[in-house]
Amino acid sequence: MFDFSVAAGLSFTAQIITAAVMAFLLAGFYRQYQKSYVWHWMLSWTALAVSQLAFVAARMAAVHSNVPPIHPLRIVPAVAAVSLSYLYVAWIAFGAYELIRRRPVRLREAKQTLALLAIGGAITALLFTGADASPGARHFARSGVFGIVSGAAFVGVAIVLWRSRRRPAVGMTVLSLALGAHAVQQLQQALLAFVSMRAGEPLLPPAHDPYIELLLLSLIGLGMIAALLEDEREAAALAADQVEHLAYHDALTGLPNRPLFMDRLIMALAQANRANQKLAVFFLDLDRFKDINDSLGHSVGDTLLKSVADRVRRCVREGDTVARFGGDEFTLLIPKVDKIEDTAKIAEKIIETIRTPFVINEQELYVTTSIGVAIYPSDGLDAETLVRNSDAAMYRAKDQGRDNYQLYASEMNAQAVERLALESTLRAAIGRKQLVLYYQPVVAAGTGSIVGVEALIRWKHPKRGLLSPAHFIALAEASGLIVPIGEWVMRSACRQLKAWEKRINRPLTMAVNLSARQFQHPDIVTQIRSAIEDAGVEPSTIEIEITESSAMQNVDNAVFTLREMKELGVRISMDDFGTGYSSLNYLKRFPIDTLKLDQTFVRDVMTDERDAAIVGAVIVMAHRLGLKVVAEGVETHEQLEYLRLEGCDYIQGYLFSGPVSSEEIEPLLLSRKGDLMPR
């Protein structure tokens with residue numbers, strides 16, 4: 001029988017204190033970083049501390065000869081000690097898995113594993129407890145089996161951690177080596193327990209063994225903390241890289257975006273002017289792409305856009321630039337053109353390539369494209385003119401029946417006439433009260449409760465029905481109508497918020513979007529102040545949403561305007577974050593409160609590791625900057641759970657509710673259930 005000596009008692013006390021301190025430290029790190037693997041590791045140290053306490057209690061009871069092995073004073077703490085020891089091993093393995101795979105363990109499998117280990121530990125603790133049972137066999141059942149299981153588990157975890165090191169990292173190295181050494185020690189204890197079983201009674205371990213175990217536990221704890229800090233540093237670096245990449249590339253297709261295309265076009269124009277050469281700008285638009293989106297869903301539409309991008313890239317040379325302008329629009333820059341006939345051959349090649357059926361989800365899709373071509377210098381001398389004229393030629397191609405290309409000609413004014421007619425109808429819509437506001441709830445990710453709403457404009461067109469902003473905001477921007485429309489939206493949203501405040505007994509915020517032209521209007525701050533004061537709402541309940549692109553058009557002016565808005569007391573949110581072209585250097589200058597993750601990243605977060613990395617990186621970066629994060633486009637429970645684990649603050653999406661009228665959303669706001677359950 002073991003002699004519970006003073007030295008052994010001091011060793012166990014030191015291990016208990018070490019485990020408790022590590023659990024406390026990791027709990028603090030979890031509160032700060034919200035990393036689920038830190039939570040698992042915190043639980044592992046907690047289990048170890050409680051297990052050691054229970055083991056001490058069992059040992060103290062065992063030293064009294066009048067307490068038999070079957071007595072509850074020995075059985076209960078022994079069962080607790082052995083079961084918690086197995087859970088300690090499981091939680092370390094879960095944490096390592098989540099650190100390496102960058103995704104949470106499956107909750108169902110984790111619960112099943114923990115239950116099986118706890119039951120198995122309890123069974124081994126109850127073996128050989130009879131009056132005639134061998135103490136050595138009992139010692140092997142409790143310590144030997146655990147040593148084999150934990151040793152094998154720690155060896156596996158150590159090997160995986162060692163192999164997964166992305167770069168020389170102290171934390172991962174120390175943690176893997178410490179776990180490997182801990183595994184060796186556990187296997188040695190299993191061997192000693194086996195010898196004890198053969199001898200019929202427990203044998204004393206070497207005198208230095210408790211001190212080695214204490215040292216290894218300390219190294220494991222230091223390795224965990226160092227690995228966490230390295231992971232945070234890597235996440236911040238990844239966030240910076242991803243944001244910088246997003247500055248000039250489309251998130252869906254990986255193609256250059258509009259700002260990068262315009263930069264390359266300006267440089268190509270300078271080169272063509274010096275060399276007295278021609279260049280060509282192509283504007284491509286997929287025919288009836290909206291029908292595919294509406295009938296088959298956005299997921300199929302996104303997959304189609306990726307496939308189209310790949311095919312167009314294969315049609316051009318390495319020095320040419322293919323870009324995605326937005327939606328289903330693509331542009332192509334051919335920096336050197338010898339003959340105009342060459343542009344026709346390229347356009348025909350692209351059209352033929354797109355005509356080949358696309359196979360998506362085992363379904364054939366037949367798609368065509370309309371292409372407009374503008375040539376420098378005959379069709380324009382600057383980048384904006386060439387893009388505008390290629391766009392006009394593309395609309396002419398659509399007018400000619402689609403699935404063809406058109407070279408720009410100065411008489412192409414059909415598009416201008418059509419836009420003028422739509423502008424006239426939109427101008428009349430303001431006075432005829434055809435514009436209405438819809439509202440989409442903003443939900444707290446942790447509790448599911450509605451914390452606010454976002455006001456979204458709709459146009460009740462007399463002939464075309466309810467139109468989303470995609471059908472008229474661009475026209476309103478170009479014509480200047482966006483300014484009176486935006487002022488109407490602001491005033492209507494504030495009045496609606498005031499009306500709800502009189503009937504809803506809980507705080508609520510109202511988010512209002514500002515377009516690029518609104519944001520640049522010299523009286524925008526005055527308009528916001530007037531709308532708030534006239535409605536009688538608190539400025540802190542209003543959140544102004546701007547896009548990256550509008551803020552980056554004139555950074556110095558944007559910073560000044562945003563600071564003026566902040567002085568009003570309103571909150572500032574950057575909408576569609578990740579789809580524009582802001583940089584970290586400018587982002588830190590903007591006095592914003594919230595980042596809104598664009599739905600293009602959220603949609604595939606469970607299947608695309610790059611999207612998952614972007615989402616996690618942006619959340620880490622935002623929290624480091626003291627900002628809240630709203631994820632848009634949440635449609636599934638899996639997306640919601642992932643965002644919760646990553647620490648996302650708020651959620652918007654069809655999982656809860658799409659944009660609805662004030663009459664439809666009011667019952668949700670008036671509900672006194674406290675939480676909004678996903679629908």
Side-chain angles (χ1 to χ4, degrees), residues 11 13-52 84-85 87-105 110 150 153-186 210-240 613 616-617 619-621 623-624 645-647:
S11 174
T13 301
Q15 291 182 31
I16 292 169
I17 293 174
T18 300
V21 170
M22 281 303 307
F24 177 78
L25 290 176
L26 289 173
F29 281 121
Y30 176 75
R31 284 193 297 270
Q32 180 177 358
Y33 297 117
Q34 295 294 307
K35 295 289 187 180
S36 57
Y37 67 83
V38 178
W39 175 257
H40 287 303
W41 283 348
M42 185 272 291
L43 291 177
S44 73
W45 287 103
T46 303
L48 179 61
V50 179
S51 172
Q52 294 290 65
L84 287 170
S85 297
L87 298 184
Y88 154 71
V89 175
W91 275 317
I92 285 183
F94 290 164
Y97 171 87
E98 293 189 352
L99 173 63
I100 295 168
R101 297 297 300 274
R102 303 286 185 180
R103 64 182 61 183
V105 295
S150 61
F154 287 143
V155 165
V157 172
I159 292 174
V160 173
L161 284 173
W162 181 268
R163 290 181 175 178
S164 65
R165 295 177 305 159
R166 299 171 183 83
R167 61 188 69 164
V170 175
M172 295 283 278
T173 302
V174 171
L175 182 57
S176 58
L177 291 177
L179 285 173
H182 194 36
V184 172
Q185 186 197 37
Q186 294 297 316
Y211 303 105
I212 293 177
E213 185 169 4
L214 178 61
L215 174 62
L216 291 177
L217 289 176
S218 301
L219 289 175
I220 291 172
L222 290 174
M224 286 179 176
I225 294 176
L228 165 64
L229 297 177
E230 289 166 357
D231 182 49
E232 283 300 301
R233 186 180 67 238
E234 186 176 334
L238 178 61
I619 292 174
V620 170
M621 178 194 66
H623 288 169
R624 286 288 184 87
L645 291 172
E646 286 297 318

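Quick note: residue numbers are just sequence positions, from 1. Keep in mind that this is a model prediction, so the values were computed, not measured. Side chains included, hydrogens not; waters and symmetry mates left out as well; all remaining heavy atoms used.
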Open item on the list: Any heavy-atom pair between the side chains of Leu228 and Tyr37 that's under 4.5 Å?
Closed with: yes
Task: Spacing of OG belonging to Ser36 relative to CG belonging to Leu99, to within rounding of 0.5 Å - done: 10.0 Å
TODO: Identify whether the distance between the nearest side-chain nitrogen and carboxylate oxygen of Glu232 and Arg624 falls below 4.0 Å.
DONE: yes
TODO: For Gln186 and Ser150, indicate whether the former's side chain and the latter's backbone hold a donor-acceptor pair under 3.5 Å.
DONE: no
Task: Heavy-atom pair with the smallest gap, counting every atom of Ser164 and Met172 - done: OG-CE, 3.3 Å
Task: Rounded distance (nearest 0.5 Å) linking atom CG of Leu219 with atom CG of Leu179 - done: 10.0 Å
- [ ] For residues Leu48 and Trp91, determine if any side-chain heavy atom of one lies less than 4.5 Å from a side-chain heavy atom of the other.
- [x] no
Task: Considering all heavy atoms, the nearest Gly180-Ala158 contact - done: N-CB, 3.7 Å
Open item on the list: Show the nearest heavy-atom pair for residues Glu230 and Val170, with the distance to one decimal.
Closed with: OE2-N, 2.9 Å
Open item on the list: With no hydrogens and no angle check, just 3.5 Å: does a side-chain donor-acceptor pair link Asp231 and Tyr33?
Closed with: no
Open item on the list: Within the structure provided, determine whether Trp162 and Thr173 are in side-chain contact (heavy-atom separation under 4.5 Å).
Closed with: yes
Task: Check: Tyr30 and Met42 side chains under 4.5 Å, non-hydrogen atoms - done: no
TODO: Identify the two heavy atoms, one from Val105 and one from Phe94, that lie closest to each other, and give their separation to 0.1 Å.
DONE: CG1-O, 4.1 Å
TODO: Rounded to the nearest 0.5 Å, what's the gap from OG1 on Thr13 to CG on Leu214? Could you check?
DONE: 11.0 Å
Open item on the list: So, taking the atom named CG in Leu216 and the one named OG1 in Thr18, what distance separates them when rounded to the nearest 0.5 Å?
Closed with: 12.0 Å
- [ ] Using a 4.5 Å cut-off on heavy atoms from C-beta on, say whether the side chain of Ile100 contacts that of Arg163.
- [x] no
Open item on the list: Could you measure the distance from the NE2 atom of His623 to the CD atom of Gln34? Nearest 0.5 Å is fine.
Closed with: 8.0 Å
Task: Non-hydrogen side-chain atoms of Trp41 and Ile225 separated by less than 4.5 Å - done: no
Task: Contact summary for Val38 and Leu26, nearest pair of heavy atoms - done: CG1-O, 3.3 Å
- [ ] With side-chain contact (heavy atoms from CB on, under 4.5 Å) as the test, would you mind laying out the steps for Leu217 and Trp45 before giving the verdict?
- [x] CA-CA 10 Å; Leu217 289 176; Trp45 287 103; 4.2 Å; yes
Task: Minimum heavy-atom distance between Ile220 and Leu175, given as atom pair plus value - done: O-CD1, 3.6 Å
Task: Nearest-0.5 Å distance, CG of residue Leu222 to CE of residue Met22 - done: 7.0 Å
- [ ] State, with a plain yes or no, whether a side-chain heavy atom of Tyr97 is found less than 4.5 Å away from one of His40.
- [x] no
